[in-house]
Amino acid sequence: MKTIIEPFRIKVVEPLQVRTREEREAIIRAAGFNVFLIPSEDVLIDLLTDSGTGAMSSLQWAGIMRGDESYAGSPSFFHFERVLQEITGFKHILPTHQGRASERILFELVGGAGKVVPNNAHFDTTRANIEHSGAQAVDLPIAEARHPRDRHPFKGNLDVAALRTLIERTGPEKIPVVMCTVTSNTLGGQPVSLENLRAIRKVCDQFHLPLFLDACRFAENAWFIKQREPGQRDRPVKEIVREMFDLADGATISAKKDGLVNIGGVLLVRDEALFQRACNLLILTEGYVTYGGLAGRDLEAMAQGFQEVLHEDYLRYRIRSAEYVAEKFLAAGIQIVEPAGGHAIYIDAAAFCPHIPPAQFPGQALVAGLYRHAGIRSVEIGSVMFGGAGHPPPALELVRLAFPRRVYTQSHIDYVVEATIEVFQQRDKLRGLKMLSEPPALRHFTSRFEEV
Ligand SMILES: Cc1ncc(COP(=O)(O)O)c(C=O)c1O
């Protein structure tokens, strides 16, 4: 069959509120053309993020009821621990409340002034936690990642030659860990190949450095490996996942992505001494080691979610959704970061509205246009997010459409495609924006605009 169906049926529905065009016009103006300031009830299709926005399965909800809320030694923790041990092969599994809590614990222990942490491309919270510790975060993507139209199958790969040069120049004693993010959110949801992970491992072994994965989207990455890497097609995703983790000494995970839960995180550590120190810090700042800032029911939901995400029917449908949108956009002449990422599509907003200069925020204008036209919420990743005083202008003006897991159906996706193409066909009507107010940091969350 050519048709790839959602491999689930729907038992509980959440009605969507349909606003009229006039209502949306008033809402976007009241929000100062910033969709972060729109109440989510006024959004029809919410593609702001794939993080923590997924739908849980009936078995996960059953786990929520089964959750044991004992402070210490809860059976829900041992269930979670056993599942994560089976999937990753790690002995030491620590629960945290979300990905950045795992990052904060890791970098409080291994970061510090004078240290340097390489990565294919740090996600914002990883970079912020490294810098908060006093260390420096360095991105080492391959050259192809900088070209939106380059269709390299593993655009998330880390530049191994650049890693070696960085280690030699900095001195291995100043590098506490080498990181690699699978898939790379910052580079457009692009995967990392097994070949690249093995090559990074080799360099780490040569300099006696630990390799840590930022493994938020480990299952989506493994699916890409199965589809695209020579010799991997016949391997079960589970086996590929296991090889990815076998190559690492530790991992930080936000379970809000491939854990298929709305809240939760994991820290994996192989080194015994580091694990003991992580336990002490977890107890100090998150909670006791058998709940780590979560409820027992959350641990049950994670235990089930981490197993479900490895179902290949699910991964086929998941990755195909983004590819489908990419094909339709490209056929209509809408330029995107190619190939499609795992969790999102990134529209090239500068190409979409060439009549709007970067100083008038073409990405933000498109985000406002998609909301106004069809109630779709996306997010600008360009001059609003990364620009401002003291920052060089970003290389690309992008708009991200991120897909929540198991939430929207094919007709929702078709609606998004149709609406975006309609906005594209009338793109001359999109108007640039002027920023009216700007907070000192992370200005995309709260800044307000008016149309030029
Ligand atoms: C690659 C990556 N790392 C880390 C994080 C942080 O996870 P959390 O939002 O759970 O703190 C995210 C969240 O989007 C991410 O995409």
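Counting starts at 1 for both ligands and their atoms, following the listed order. Keep in mind the model is a prediction, meaning the values are calculated, not measured.
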key: ligand 1 to Gly99 polar contact by distance, N or O atoms, under 3.5 Å   =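 There is such a contact, yes.
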ask   = Looking at ligand 1, does any of its N/O atoms fall within less than 3.5 Å of an N/O of Thr126?
value = no
Considering only heavy atoms of [X], which atoms of ligand 1 have at least one such atom less than 4.0 Å away?
X	value
Thr125	4 (C), 5 (C), 6 (C)
Glu103	3 (N), 4 (C)
Thr181	1 (C)
Arg217	1 (C), 15 (C), 16 (O)
Lys256	10 (O)

Would a 4.5 Å heavy-atom cut-off, applied to side chains only, mark [X] and [Y] as touching?
X	Y	answer
Ile64	Gln60	no
Gln335	Ile347	no
Arg318	Phe403	yes

query = Going by heavy atoms, is Cys216 under 4.0 Å from ligand 1?
reply =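 It does, in that a heavy atom of Cys216 comes within the 4.0 Å cut-off of ligand 1.
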Do [X] and [Y] sit within salt-bridge range, that is, some charged N less than 4.0 Å from a carboxylate O?
X	Y	answer
Asp271	Arg277	no
Arg149	Glu144	no
Lys202	Asp205	no

For [atom], which protein heavy atom lies nearest, and how many Å away is it?
atom	result
atom 5 (C) of ligand 1	Phe123 CD2, 3.3 Å
atom 9 (O) of ligand 1	Arg100 NH2, 2.9 Å
atom 8 (P) of ligand 1	Gln98 NE2, 3.3 Å
atom 10 (O) of ligand 1	Ser254 OG, 2.7 Å
atom 14 (O) of ligand 1	Lys257 NZ, 2.8 Å
atom 3 (N) of ligand 1	Asp214 OD2, 2.7 Å

task = Give the minimum heavy-atom separation between His97 and Gly293, together with the two atoms involved.
result =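 Here His97 and Gly293 meet closest at CB-O, 3.8 Å.
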ask   = Mind checking whether Tyr415 and Tyr408 have ring centres under 6.0 Å apart?
value = no
task = Verify the neighbour count for atom CZ of Arg297: are there more than 12 heavy atoms of other residues, nucleotides or ligands below 6.0 Å?
result =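 Open: at most 12 neighbouring heavy atoms sit under 6.0 Å from CZ of Arg297.
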